[in-house]
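Owing to the predicted nature of the structure, the values given are computational and were not obtained by experimental measurement.
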Amino acid sequence: MKKQFVVILIALFALGTATVSAVGGKKLTAYVNPMIGTSGMGHTFPGACAPFGIVQLSPETDTIPHNIDGRYQGKVYEYCAGYQHTDPTIVGFSHTHLSGTGHSDLGDVMLMPQTGSLRLNPGTATHPDAGYRSRFNHDTEKAAPGYYEVMLADEGVRAQLTATQRVGVHKYTFPKGANSRVILDMLHGIYNYDGKVLWSSIRVENDTLLTGYRITNGWANCNYTYFAITLSKPIKSYGYRDMKKPKYRGFMGKLRLHENFPEIAGRDIVAYFNFDNVTSQELVVKVALSAVSTEGALKNLRSEVGGKSFEQVYAEIDAQWNKELDVIECTGTSDQMAMLYTSLYHTMINPSVYMDVDRQYRGLDGNIHQAKDFTNYTIFSLWDTYRAQHPLLGLLKTSRNTDMVKSMIAHQQQSVHHLLPVWSLMANEGWCMTGYHAVSVLSDAIVKGADINRDAALKAMVETATCPYYESVGDYMKYGYAPFDKYATAASNTLEYSYDDFTIYAAAKALGRNDIADIFAKRALYYRNTFDTTVGFASPRRIDGTFKADLDPYQTYGEGFIEGNSWNFSFSAPQDVKGLIRLFGGDKQFVQKLDNLFDMDLPEKYYKDNEDITADCLVGGYVHGNEPSHHIPYLYAWTSAPWKTQQWMRTIMNKMYRNHIRGLGGNDDCGQMSAWYIFSALGFYPVCPGTDQYVLGAPYLPYMNVTLENGKHIVVKAPKVSDKNRYVQSVKVNGKPYPKLYLTHKMLTDGCTIEFTMGSKPNKKRGLAAVDKPYSMTK
């Protein structure tokens, strides 16, 4: 491993391929490498955060705008998380980020320590000396759960960061004798543009306390970020600049506003604060956030960090991360351990707690609410996370996932559209992607016995699925498919709605509401209406019933699908795989189609201009780098060749997940890519949330032991597993032979030991009986 990729705990990575085991109280944070995915497609960030915290304190490495005068800047896509490992400079440290997304926002309340002359603009990557950004060397970077450190070479300042759920803590060590200053840039943002900041305010309450807020108009249409900042040393002097001259100032123009005036406000302001650097070179800055008020931010600050030192805060958050990671014990090589625990870490960044310590939160309606019987969460990337992230949290972090479901129900009740979240972001609806996949998360919770208000959940699901003006839903209900005449992504809309409707059917059936179940049982099979059997692919269909005549199943754009082509979307009926097999012409044809997908050489022209997909994201034509494909390797379980799932799983995992800055084959998407890896490492996957089944694949590691909230354990043993021994010969559950190709949720939550006998050649006779196949709506 190259030196610049080693960010912390050199001793761990020096183990090379030696087998290590997380047992006996070993610090599991030692195995996490937050640099995985910080370059290339992963879009992760290396900074400090607490488990599920709203504060993610991380460096920004450039200031590429989302648009200039409305024209999209393609380079900005690299900066969804604010950080690119290949950049030579750091602009500053902001407090809010999204983990692994393909679109972005936030980057709120950015601080940057400074020495020398006052510079209030960020400069550029090619001319860093023109601004406050600083060069840095990766050799000085350290990153671990809850901690980040770097030396800012141009300033000579050592920056250390840690965080609690609602507070970011900075420790800056300035060089002796130099000026000591901190820049507070209220204009900076991720996916920024001219006019994004609607208003910002800073109050100098006294010489060690600042309060204020910022309102932005980005992906989160109206995002309120209040803050309270305490300083370990008194301010000597301060000031600010309007980076764009205000067109109106009222009667404040008669005041000397820009220096040592305690009331700072504007749309485009950058402030600075000077400190004494003679008696002490260390400055500790604590920044608490709230979406409610500065009073809420102050409460958060006092409750979570109070009079604690930087070292005390980090020790506590390190202990929290160890506790959260300790749900899995496993063995493997050092790289395998790094990948497993980093993946688990990535599943616990988002969703994020979105309420103050007094339980107040800003709701979707813009009002302030009190979360009485649940913890309120935000950042639901549901087009991605309904597939594996929420099922994983439902299994491993059951109470948290239950609160997330309750948060979604509250969102729906506050929505003027009466819609469950599509992409929930900071008390805003982000409207990103298609489908209404929150219904899958609610249904999965109901089917698996979560303690929620089931009537309210079902009501929210039905109201969401019958909103006639949500994209194509009215026409979908009228025709049984979304018509291509009116909707560019008609085919994928139909497939996604059909699966979602299955989950409503499943929930209604579980609750004894046959009236609702009957309606959605029919809609759950609408996926058939978008399958053109004459070409053997899902295809967009027009109002008159005709299919698109010149379908190119390799092409993503203009073919009726969103972020995927027909080759991948044609397998999108996890609720009725047996029915899907019939549409393909039968078992032989279905297996051949799957084989062709994995074996093909997808021409570069089909992905070279796609910012979401690179060659690193592909296995043949299978696109692991985007979510619609994630269940596909498991579909062999319904066929005469279930062993082919085992053949491909290890290939996908080895290629898409590596202990490297470019180690993620696609956006991590708020934990979905990582959750897929954890399930697949265990040897099973929730192909169809809304059922209680997990489809068996093959384990990746020789030993895993999962501790559930109820104290039960899921133990997976596969002592001979390897790249060569990737095929399952037989399975035992609790010591008894187990012929089925799925496990049930109850089996797992009751605790069980699953033993896999592995070999270098497939057992082609296992799992062929109809009774051993996973669920399918039709047989």
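Of the N and O atoms on the side chains of Tyr77 and Asn667, at least one donor lies less than 3.5 Å from an acceptor on the other residue. No side-chain N or O of Ser572 forms a donor-acceptor pair with one of Tyr499 less than 3.5 Å apart. Judged by distance alone, the side chains of Asp669 and Ser381 never bring a donor and an acceptor atom under 3.5 Å apart. Side-chain atoms of His437 and Asp500 form a donor-acceptor pair, as typed in the model, at a separation below 3.5 Å. Looking only at atom types and distance, the side chain of Asp595 has a donor-acceptor partner in the side chain of Tyr636 under 3.5 Å away. Side-chain contact check for Ser472 and Asn493: at least one donor-acceptor pair (N or O, by modelled atom type) lies under 3.5 Å. Checking Asp501 against Tyr436 by side-chain atom types alone, a donor-acceptor pair falls below 3.5 Å. Between the side chains of Asn654 and Tyr700, at least one donor N or O lies within less than 3.5 Å of an accepting N or O. When only modelled atom types and interatomic distance are considered, Thr546 and Asp544 share a side-chain donor-acceptor pair under 3.5 Å. Asp576 and Ser776 are linked by a side-chain donor-acceptor pair at a separation below 3.5 angstrom, with hydrogens and angles left out of the test. Inspection of the Tyr487 and Asp475 side chains reveals an N or O donor paired with an N or O acceptor under 3.5 Å.
In this structure, Gln555 contributes its side chain and Asn565 its backbone to no donor-acceptor pair below 3.5 Å. For Trp676 (side chain) and His631 (main-chain N/O), no donor-acceptor pair under 3.5 Å exists by modelled atom type. In this structure, the side chain of Ser629 engages the main chain of Val623 through a donor-acceptor pair within 3.5 Å. Looking at Ser498, its side chain does come within 3.5 Å of a backbone N or O of Ala524 through a donor-acceptor pair. Side-chain N or O atoms of Lys773 include one that pairs as donor or acceptor with a backbone N or O of Thr639 at under 3.5 Å. Counting only distance, with no hydrogens or angles, the side chain of Ser674 and the backbone of Leu344 share no donor-acceptor pair below 3.5 Å. Side-chain N or O atoms of Thr44 include one that pairs as donor or acceptor with a backbone N or O of Ile36 at under 3.5 Å.
Pairing each heavy atom of Gly767 with each of Leu741, the nearest pair is O-CD1, 3.4 Å. Across every non-hydrogen atom of Asp616 and Met656, the tightest pair is O-SD, 3.1 Å. Across every non-hydrogen atom of Ser443 and Thr503, the tightest pair is OG-O, 2.6 Å. Taking each heavy atom of Ala482 and Thr494 in turn, the nearest pair found is N-OG1, 2.9 Å.
Side-chain contact between Thr533 and Leu583 is present, with heavy atoms from C-beta onward closer than 4.5 Å. Side chains of Met339 and Met653 form no contact here, defined as non-hydrogen atoms less than 4.5 Å apart.
Between Asp692 and Lys746 there is no salt bridge, since none of the side-chain N atoms of the basic residue sits less than 4.0 Å from a carboxylate O of the acidic one. Ion pair Asp485/Arg542 not flagged as a salt bridge, since none of the NZ, NE, NH1 or NH2 atoms sits closer than 4.0 Å to an Asp/Glu carboxylate oxygen.
Here Met649 contributes atom CE and Ser680 contributes atom OG; the two are 3.5 Å apart, rounded to the nearest 0.5 Å.
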Begin from the C-alpha positions of Leu551 and Glu559 and carry the test side-chain contact (heavy atoms from CB on, under 4.5 Å) through to its verdict.
-> CA-CA 6 Å; Leu551 177 75; Glu559 300 295 332; 3.5 Å; yes

Take Leu395 and Phe679 through the test side-chain contact (heavy atoms from CB on, under 4.5 Å) and record every step on the way to the result.
-> CA-CA 10 Å; Leu395 185 63; Phe679 268 127; 4.1 Å; yes

Candidate pair Phe584 and Phe531, rule ring pair (Phe, Tyr, Trp, His ring centres under 6.0 Å), full reasoning | CA-CA 9 Å; Phe584 273 99; Phe531 200 94; 5.0 Å; yes

CA sep, side-chain torsions, deciding dist, call: Tyr31, Leu340, side-chain contact (heavy atoms from CB on, under 4.5 Å) = CA-CA 8 Å; Tyr31 300 113; Leu340 190 283; over 6 Å; no

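Classification of the His85-Tyr83 ring pair by plane angle, with boundaries at 30° and 60°, yields perpendicular. A perpendicular orientation is assigned to the rings of Phe590 and Phe571, their planes being inclined by more than 60° (bins at 30° and 60°).
Taking the ring axis of Trp567 as reference, the NZ or CZ atom of Lys593 stays within 45° of it and closer than 6.0 Å to the ring centre.
Counted within 6.0 Å of NZ on Lys75, heavy atoms from surrounding residues, nucleotides or ligands total 12 or fewer; the atom is thus considered open.
For the ring pair (Phe, Tyr, Trp, His ring centres under 6.0 Å) test, residues two or more places apart in sequence or in another chain that qualify with Tyr606 are Tyr554.
Each of Tyr341, Tyr345, Tyr657, Tyr685 was scored for a ring-ring contact (aromatic ring centres under 6.0 Å, His included) with Tyr677, with one residue passing: Tyr657.
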